[in-house]
Amino acid sequence: VTALSPESHRALVSSFRASAAWDRAARAVSWMTAAGDAATAAGLPALLRMCEERGSWEVTASVAAAIVNAPAAPKEVEGLTGKQRRAQRFRQRNSVSLEDDIPRAYDTYVRACCAGGQWHAAAAGLAALLQDMRVDAVHPATSERVMRATATRAPWDATLSVLRAAQAQEPRVVLDVASYTAAVRAVAGAPEDIGEHRWRTVLGLVEGVHDRGFTVGSSLAISAVHAAAHSRLWERALPLASTVTPVTWRAPDGKQALEQLLHAAPEGQRAVVAEALQRSRASAKHHDKTPGNRR
């Protein structure tokens, strides 16, 4: 095994992957470990794909972590003696750079941890990715996936922490509507009741979606209306109400949101709120009937 080149090691694992010989591929990588870093690195990308296909999240996460932490290929050093230059060329010839595989390895690690219900590990993997400058851009699906995982298994503020960490790395990290929707659902759907602060957080998240120029769908707008009612900030719900479709207003959740908002408004302002909501509903109905907006 030690006599094989890195390219041969890569081809060996790829051939085992092609024939679905999982155990033989794992043994081959074990041999490569004995042969040195370059040989090990050569087989890891193919083994990672094989792990994904097999659906073993623990092994997948382990292989992905190995790719991320693999030693970097040696760089050119000036001012060496002839003997040192020959040694340097030998190391470069027998090294394998995995830099191009690192973004995919991070994403695969996060997906594997989420699939295994390990939200702590998924969040830690995303945190490492956000700090790793070897990755030029982070796909929105990666942070969204972690937020969905924390939403189902962790306190709601853990999901919010993931969102804040991703926001701190913009524009390198791209956040889309799905990312904010995952955060809103985590905070609004949390089983524990912590009072107004949580609802103010939901309202702020939905307003952030609107301020960024994204379309606020009916589901997010209804969440904002609920939040505005619970936090007694009913005025802030009115600009978002026009994005709610008539069908959603007629649904039980929409009717409940309307009742809560009217109840939250001061008695002397309820007629004004009702009129504003009526205009918003009429605007939404007209938009829904506009050619190109029909579904």
So, the side chain of [X] versus the backbone of [Y]: is there a donor-acceptor pair under 3.5 Å, distance only?
X	Y	value
R172	V135	yes
D176	S179	yes
E144	T142	no
S218	T245	yes
S62	E58	no
S143	H139	no
S231	A227	yes

Looking only at non-hydrogen atoms, find the nearest pair between [X] and [Y] and report the distance.
X	Y	result
A123	V146	CA-CG1, 3.9 Å
A166	V173	O-CB, 3.7 Å
W234	P266	NE1-CD, 3.2 Å
A183	T159	CA-CG2, 4.0 Å
V162	L126	CG1-CD2, 3.4 Å
V187	V202	CG1-CG2, 3.5 Å

Kindly write out the residues that satisfy side-chain hydrogen bond (donor to acceptor under 3.5 Å, both in side chains) with D132, not counting sequence neighbours, or none if the list is empty. Y106, R134
Taking side-chain hydrogen bond (donor to acceptor under 3.5 Å, both in side chains) as the test, write out the residues that go with R212, two or more places apart. E170, Y180
Hey, does [Y] have a side-chain heavy atom less than 4.5 Å from the side chain of [X]?
X	Y	result
L129	V110	no
R198	T201	no
W57	R111	no

Measuring from atom [atom1] of [X] to atom [atom2] of [Y], what distance do you get when rounded to the nearest 0.5 angstrom?
X	Y	atom1	atom2	value
L240	L203	CG	CG	7.0 Å
L233	L238	CG	CG	11.5 Å
T152	M147	OG1	CE	13.0 Å
I222	K255	CD1	NZ	12.5 Å
L175	L163	CG	CG	6.0 Å
R153	H120	CZ	NE2	11.5 Å

Go through the steps to decide whether V177 and L220 satisfy the test side-chain contact (heavy atoms from CB on, under 4.5 Å), and finish with yes or no. CA-CA 10 Å; V177 174; L220 281 181; 4.2 Å; yes
Atom CZ of residue position R185 - does it have more than 12 heavy atoms of other residues, nucleotides or ligands inside 6.0 Å?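 12 or below, so no.
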Do the side chains of L130 and I102 join up, straight or via other hydrophobic residues, at under 4.5 Å, putting them in one cluster? yes
Linked, directly or transitively: V138 and V174 (ILVMFWY side chains, under 4.5 Å): no
Begin with the C-alpha distance, continue with both residues' side-chain angles, and end with the deciding distance and a verdict on side-chain contact (heavy atoms from CB on, under 4.5 Å) for V206 and V216. CA-CA 7 Å; V206 179; V216 178; 3.9 Å; yes
Would you kindly say whether H226 and Q260 are connected by a side-chain donor-acceptor distance under 3.5 Å?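 Per modelled atom types, H226 and Q260 side chains form a pair under 3.5 Å.
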